[in-house]
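Read through the structure below, which is laid out as structure tokens, and then see the notes.
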2 protein chains.
Amino acid sequence: MNSPTKKTTRIQAANQQKILEAALDMFSQFGYRGTTIDQIAAKAGMSKANLLYYFRRKNDVYLAVLESILDQWLEPLARLDQDKDPEQELRAYIETKLRLSQQNPRASRLFANEIMQGAPMIQPFLSNQLKELVELKCEVIQHWIDNGKLQPVKPMHLIFMIWASTQHYADFATQIQALTTDTDDKLYKDASQTLSSIVLRGVLVD
Amino acid sequence: MNSPTKKTTRIQAANQQKILEAALDMFSQFGYRGTTIDQIAAKAGMSKANLLYYFRRKNDVYLAVLESILDQWLEPLARLDQDKDPEQELRAYIETKLRLSQQNPRASRLFANEIMQGAPMIQPFLSNQLKELVELKCEVIQHWIDNGKLQPVKPMHLIFMIWASTQHYADFATQIQALTTDTDDKLYKDASQTLSSIVLRGVLVD
DNA sequence: TCCCAATTTTACCAATCGGTCAAGATTTTG
DNA sequence: CAAAATCTTGACCGATTGGTAAAATTGGGA
């Protein structure tokens, strides 16, 4: 099943997918400790023992789901291009992050949950891949600042600000739904407009 | 113990406090389902049965901790004063929220955790107290916009932005610690400077 | 169609979980 | 100081949890 030399059968592919979907739902809501194998199995429409035929332990399911979302997390930031216009780059970055939040809020919440639990499973990812990428992109932002294209802000904190304000719509969706009756599309449209205008007006040099 | 006519003894006061402290720690990390009574008791330095002498059920502990932080959540936003200068008010709001994040990150994470679990315990708080306050303060912000003091942004989204970017330092502290070696004080000082400058430059009318 | 591999289900296990209770220890009160 | 009140804890309970093994069922290829 996790052997690279074995073929994945039709049933395996289907069931693994079902399990990962169900697991994403449950882990993103209740975290690792708060989610039971039975919950995931029920959501995936199978028995617990059946689920454990495909993934040996609860931990393996969790890691598989986490791994399935981590590349998504790196990708938008990796796109920030030093040689392009900062206004366009930052606007695109905010857009992409909001699109992610809208299209896969559970992934955002899973990530948030993992971080709040102290990131037991992804500490290497944070300290290596993410750290390297963030440092690289801080240099991009600093380059723009040094060239007089952006106001002198702390690059890392600008990145945090964009992460925070775009992910918020996914992570705190329950709160937001209690506060507004806007449709999803209107909500994200207004978010995009507001965040872009404030961030860009706040960092661009005229 | 929860009877309003009974005196709280010295030991009760001390032990209840210990339990709430320990519970804040555990619930903020693992959420309701992921936290056991034994964990809390161990952290509070007592037996599980002793803990249950003071709080009848796990749910009662959870509610007590939640209730102890919810007023903190309303208070900074409640202070936004329509008759004062928006620059000062927004700056103060950001400052206060960052102070909260720095001084009680666990409360922030507990709140985030409760929201991500679908807010089963605080739906009334969200729909009533918080909603009313947010609507009221949206009018304050809209008033400033109508008087030409702020750029025309969606008030609710400005509030979300400030919440998101200030709470992020508490909620994602593990991630931030992996990305930077700054001291806590330097981190929050830079956060304050960056967030204030971007938000204020982004919404103030010159 | 048959046979074997893959998949699913059932039954089971030890450990943990939220909670209860009663007895002994400690603190408070008059 | 003694009695009453409060506090603490070990033992216990039924239910749940992550997981295992074997039996039953299904799928696929010759």
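First the proteins, then the strands, lettered A, B, ... as listed; each starts at 1.
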*Atom pair distance, as rounded to whole Å: OH in A:Tyr54 and C1' in C:dT8*: 8 Å

*Which residues pass the salt bridge (charged side-chain N to carboxylate O under 4.0 Å, His left out) test with A:Glu87, sequence neighbours left out?*
A:Arg91

Short heteroatom pairs, N/O only, protein and nucleotides 22-29 of chain D, under 3.5 Å:
| residue | atom | partner | partner atom | Å |
| --- | --- | --- | --- | --- |
| D:dG28 | OP1 | A:Arg10 | NE | 3.3 |

*Scan side-chain atoms only and decide if B:Ser192 and B:Glu95 contain a donor-acceptor pair under the 3.5 Å cut-off.*
yes

_Without decimals, in angstroms, what is the distance between A:Leu51 CG and D:dG18 C1'?_
11 Å

*Any residue meeting salt bridge (charged side-chain N to carboxylate O under 4.0 Å, His left out) with B:Asp184, in chain and number order, not counting sequence neighbours*: none

_With a 4.0 Å limit, can you tell me whether B:Thr9 has a side-chain N or O closer than that to the phosphate oxygens OP1/OP2 of D:dC7?_
yes

*Starting at CD1 of A:Ile19 and ending at C1' of C:dT8, how long is that distance when rounded to a whole Å?*
12 Å

*Establish, with yes or no, whether the OP1 or OP2 oxygen of D:dT8 is under 4.0 angstrom from a side-chain nitrogen or oxygen of B:Tyr53.*
no

*Not counting sequence neighbours, which residues clear salt bridge (charged side-chain N to carboxylate O under 4.0 Å, His left out) with A:Lys186? List them please.*
A:Asp190

*Rounded off to whole Å, could you give me the NZ-to-P distance for the A:Lys18 and C:dT8 pair?*
8 Å

*Whole-Å distance between D:dT17 C1' and A:Ile40 CD1?*
12 Å

Below 3.5 Å between N/O atoms, which protein atoms pair up with nucleotides 13-18 of chain C? Just atom names and distances, please.
| residue | atom | partner | partner atom | Å |
| --- | --- | --- | --- | --- |
| C:dG18 | OP1 | B:Thr35 | O | 3.4 |
| C:dG18 | OP1 | B:Lys58 | NZ | 3.0 |
| C:dG18 | OP2 | B:Ile37 | N | 3.0 |
| C:dG18 | N7 | B:Lys48 | NZ | 2.9 |

Distance-only check: which donor-acceptor pairs under 3.5 Å involve side-chain atoms of residues 153-165 of chain B, not counting sequence neighbours?
| residue | atom | partner | partner atom | Å |
| --- | --- | --- | --- | --- |
| B:His157 | ND1 | A:Tyr169 | OH | 2.7 |
| B:Trp163 | NE1 | B:Tyr93 | OH | 2.8 |
| B:Ser165 | OG | B:Met161 | O | 2.5 |

*By side chain to side chain donor-acceptor pair (under 3.5 Å), which residues pair with B:Gln103, not counting sequence neighbours?*
none

*Return each pair, listed once, that meets salt bridge (charged side-chain N to carboxylate O under 4.0 Å, His left out) where at least one residue sits in residues 65-78 of chain A; pairs must be two or more places apart or across chains.*
A:Glu75-A:Arg79

*Think B:Asn15 has a side-chain N or O under 4.0 angstrom from the OP1 or OP2 of D:dT8?*
yes

_Restricting to salt bridge (charged side-chain N to carboxylate O under 4.0 Å, His left out), what partner residues turn up for B:Asp25, sequence neighbours left out?_
B:Lys43, B:Arg106

*What nucleotide among D:dC7, C:dT10, C:dT8 has an atom nearest to a side-chain atom of A:Asn50?*
C:dT8

*Is there a side-chain contact between A:Leu179 and A:Gln175, using heavy atoms and a 4.5 Å cut-off?*
yes

*Closer than 4.0 Å, any side-chain N/O of B:Gln12 to the OP1 or OP2 of D:dT6?*
no

